Amino acid sequence: MFLPALIAFGTRVLVGAQPRWIGCRPSNALRIYYANHTSHFDTLALWSALPAPLRRTTRPVAAKDYWGSGLRARLATDGFNALFIDRAPDRHAGDPLAPLCDALARGESLIIFPEGTRRAQKLPSPFKSGLFHLATRFPDAELVPVYLDNLYRSMPKGTWLPVPLTCTVSFGAPLERRVDEAKEAFLERARDAIVGMA
Amino acid sequence: MGTGMTTQQQFYCLMAGIGTLLVVASTIGWILQRRAAPRGGSATIDNLNQRIRAWWVMVAVLAASFLLGKTTTIVLFGVASVFALREFVTLTPTRPGDHMPLVACFYLMVPAQYWLIYDGWYGLFAIFLPVYGFLSLPVLMAMSGDTEGFLERVTKIQWGVLITVYCISYAPALLLLDLHDASLGRNQLLIIFLLIVVQLSDVLQYVFGKLFGRHAIAPRVSPSKTVEGFVGGGLSAVAIGAALWHLTPFTPLQAAGMAAVIVLTGFFGGLALSAAKRSLGAKDWGSMIEGHGGMLDRLDSVSFAAPVFFHVCRYFYT
């Protein structure tokens, strides 16, 4: 209870993480927030920008290789309730999206970064297919595009101390669902929704 | 001086006066809003009320920090500098190669500059950023190896630090002055004198401009600055400054002269920083103070008035 509040407050002091609800309002609906990924602070910034009640039911999906061990793991598990994902899954180990699907099935919203890796640039790279699979399996979940601004300037790749800029977190309108849309078209459209806010 | 009150009593009187002023302002704002409500309200009046509410908060924070003493006063201005610098850098396009210089600005230069005030080391306070800060920033940036737009990038960071840290730190540096009538309270009242004159000058120029403004001074830089606003608001602020002479080491006439210095330099600050803001493509520096914009929108005039006021005081009254 105390640690999450402290993390959210600290994040806001350090990198701003000011929410801008452009296309939707905060809501308890089942949501998949998907955002561009430019720095290690993205996960914290997006999560901290949510109102406190939503922070309790929204789980950031974090890379196991970065967040999965040591102090960072403590922070991720006890602090912001992260779900770990294996970025280089063993082909025989089963479905890497299984923990995400379980969380959605329990009614928990997710924060994901469909590019899969950080890139210090203004616009996101092409998306990997995880978002498509989640969207197909959970047709009722709202897909909320989120644009994170300035974080790549606050903490460029290879640096460990953030410059305390005012970073903004823009929430767009939930992505319209189309039946029988091809994977590539869907991912392109999802990416465009973020680019449109940049 | 003059009235025989202690600085503590003067401080409370002053706060009572400012409180009364804000009650009057809030009442006027409330009446205006009620009158405008049947016509669907007015954006100007809503903004006015937001500004008045923000003033309550700012006055409360300032009063509390002054009451707590020297350290909190210095820390308060240090925090204000951080927010102002943050707004400045956020609006300035930066590249990954600017990371080290920016880290140095936020994590080393701001604490060092304010620590020098706390420590009372005037000699280093006055040259630390203009000499060592100025020289170290291009070195740190060169070490990144990125030469694209080097001069533009390093100049913007130097400019930001000098305005938001060096210049603003001159307000709490008034605590350093060894006035003839020396006491901490006396120096704090000098800071309050500066802030009252500079902020009332801004407010009154805005009010006079809204009521009588016809001729814009620099329409492309700041359409709200008018000749009528500047003259009316400026003269009123000088009159108020003169009336507050007993807070200061000045005679009434000297206080009017000092207020005139503050009004003029404050006006120049607002003008120059408006131009800087426009060149960065923004209308406000930020959004942290409701109705006012950012921290730097409130401190733009202070950043120019404080160093000049400090040095004029230091030359004539110590």
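Bear in mind that the values here come from a model prediction, so they are computed numbers and not experimental data. Proteins come first, then strands; the chains are lettered A, B, ... in the order of their sequence lines, and each starts at number 1.
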Is the [atom1] atom of [X] crowded by more than 12 outside heavy atoms at less than 6.0 Å?
X	atom1	result
B/F134	CZ	no
B/R278	CZ	yes
B/F83	CZ	no
B/W159	CH2	yes
B/Y118	OH	no
A/N28	CG	no
A/R106	CZ	yes

For B/L91 and A/R153 the tightest heavy-atom approach is N-NH2, 4.5 Å
For a quick test of reading the model, state the closest non-hydrogen atom pair linking A/R12 to B/R86 and the distance between them.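 Result for this residue pair: O-NH2, 3.5 Å.
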With a 3.5 Å distance limit and no angle check, can you tell me whether A/T166 reaches the backbone of B/T90 through a side-chain donor-acceptor pair?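 No, the answer is negative, given that no donor and acceptor are paired below the 3.5 Å cut-off.
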Checking an interface table here. Which of residues 96-107 of chain B come within a heavy-atom distance under 4.5 Å of chain A?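 Checking residues 96-107 of chain B against chain A gives B/P96, B/H99, B/L102, B/V103, B/F106, B/Y107.
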Heavy atoms under 4.5 Å from chain A: which residues of residues 56-67 of chain B carry them?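 Contacts with chain A: none.
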